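Have a look at the structure below, then the notes.
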Amino acid sequence: MNSIASITLEVADLTAADRFYTAFGVGTHVRLRASETPTDGFRGFALSLTVSQPSVVDGFIGAALDAGATTLKPAAKSFWGYGGVVRAPDGTIWKIATSEKKDKDPAAPKFDEMVLLLGAGDVTASKRFYVERGLAVAKSFGSKYVQFEAPSDGVTLALYGRRTLAKEVGVPADGTGSHRLVLGGGDAFTDPDGFAWEADDRSPDQAQ
């Protein structure tokens, strides 16, 4: 395994979730699966979209809110750029951000990168776990943050400390039950923080 082949979100209402993700603009990049498995509080992960400039951030956040999402962090300038965080109706947390603080030219409503941020109890141990399974490290900041290499058109996997990630997206760190997330890769396994992977030979454009 050297990258994420697919992301499957487990949702209570497939029809509603499909409608939301189509309106949000990521419908072809995530898979949906019906599930009633109990979950409560922070599910331990977030998905992040990196875009070109603030107007594109606003466009994605506006589309999400119009489709039923709720605001966790309003879009605003920061030291690193501009961004905001929303929670989808199914409970998945989405961060949309850019390193730019001002718009340059009119930009298409698309994202440049999708990053899956997993909250780890021990970032160093989880990093070692994934490296042993074939992932190559692209960036590493000690025990605080790790980002793995990914194809240019694929989903990037990154690790945060669980509490750090919760603070980053504006929610309490506590949570119980299912992550309601299944990742496709080379083999079936469960990582040290309970995130499940399953074998997946299909390409990302077969997402739904």
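None of the values given here were measured: they were computed from a predicted structure.
The hydrophobic clustering, which links ILVMFWY residues whose side-chain heavy atoms are closer than 4.5 Å, places V123 and F129 together. No path of Ile, Leu, Val, Met, Phe, Trp and Tyr side chains, each step under 4.5 Å between heavy atoms, connects V169 with V57, placing them in separate hydrophobic clusters. No single ILVMFWY cluster, assembled from side-chain heavy atoms under 4.5 Å apart, contains both V155 and Y160. Hydrophobic clustering (ILVMFWY, side-chain heavy atoms < 4.5 Å, transitive): V115 and L9 are in distinct clusters. Hydrophobic clustering places L157 together with F45 (ILVMFWY residues linked when any side-chain heavy atoms are closer than 4.5 Å, directly or through intermediates).
S55 and Q53 share a side-chain donor-acceptor pair at under 3.5 Å.
Under the 4.5 Å side-chain criterion, counting only non-hydrogen atoms from C-beta, T8 is not in contact with L32. Counting heavy atoms from C-beta on, the side chains of T164 and Y145 never come closer than 4.5 Å. Using a 4.5 Å heavy-atom cutoff, the side chains of R163 and D174 are in contact. Residues R162 and L118 have side chains not in contact (no heavy-atom distance under 4.5 Å, counting atoms from C-beta outward). Residues Y82 and K101 fail the side-chain proximity criterion, which asks for heavy atoms closer than 4.5 Å.
Nearest heavy atoms, E36 versus R180: C-NH2, 3.5 Å. The heavy-atom pair separating T98 from V51 by the smallest distance is OG1-O, 3.2 Å.
Relative orientation of the H29 and F111 rings is perpendicular, given thresholds of 30° and 60° on the angle between their planes. Aromatic ring pairs are classed by plane angle as parallel below 30°, tilted from 30° to 60° and perpendicular above 60°; the pair W94 and Y21 is tilted.
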Identify each donor-acceptor pair in which a side-chain atom of residues 61-76 lies under 3.5 Å from a protein atom, sequence neighbours left out, and give them as a table.
| residue | atom | partner | partner atom | Å |
| --- | --- | --- | --- | --- |
| K73 | NZ | K167 | O | 3.3 |
| K73 | NZ | E168 | O | 2.9 |

>> Quick one, E198 with R33, criterion salt bridge (charged side-chain N to carboxylate O under 4.0 Å, His left out). Give me CA distance, side-chain angles, the key distance, then yes/no.
In response: CA-CA 14 Å; E198 62 186 15; R33 179 183 299 169; 2.8 Å; yes
>> Before you tell me yes or no, could you show the steps for W197 and I4 under side-chain contact (heavy atoms from CB on, under 4.5 Å), namely the whole-Å CA-CA distance, both residues' side-chain angles and the distance that decides it to 0.1 Å?
In response: CA-CA 9 Å; W197 289 70; I4 298 174; 3.6 Å; yes
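Summarising the geometry, atom CD1 belonging to I96 is positioned 10.0 Å from atom CE belonging to M114; distances are rounded to the nearest 0.5 Å. The distance from the OG atom of S6 to the CG atom of L183 is 7.5 Å, given to the nearest 0.5 Å.
Among residues at least two apart or in separate chains, salt bridge (charged side-chain N to carboxylate O under 4.0 Å, His left out) pairs with a member in residues 109-133 are K110-D112.
When hydrophobic residues (I, L, V, M, F, W, Y) are linked wherever their side-chain heavy atoms come within less than 4.5 Å, V182 remains an isolated member.
A side chain to side chain contact (heavy atoms under 4.5 Å, CB included) with L47 is found for one member of L116, I93, L117 and no other, namely L116.
Counted within 6.0 Å of NZ on K139, heavy atoms from surrounding residues, nucleotides or ligands total 12 or fewer; the atom is thus considered open.
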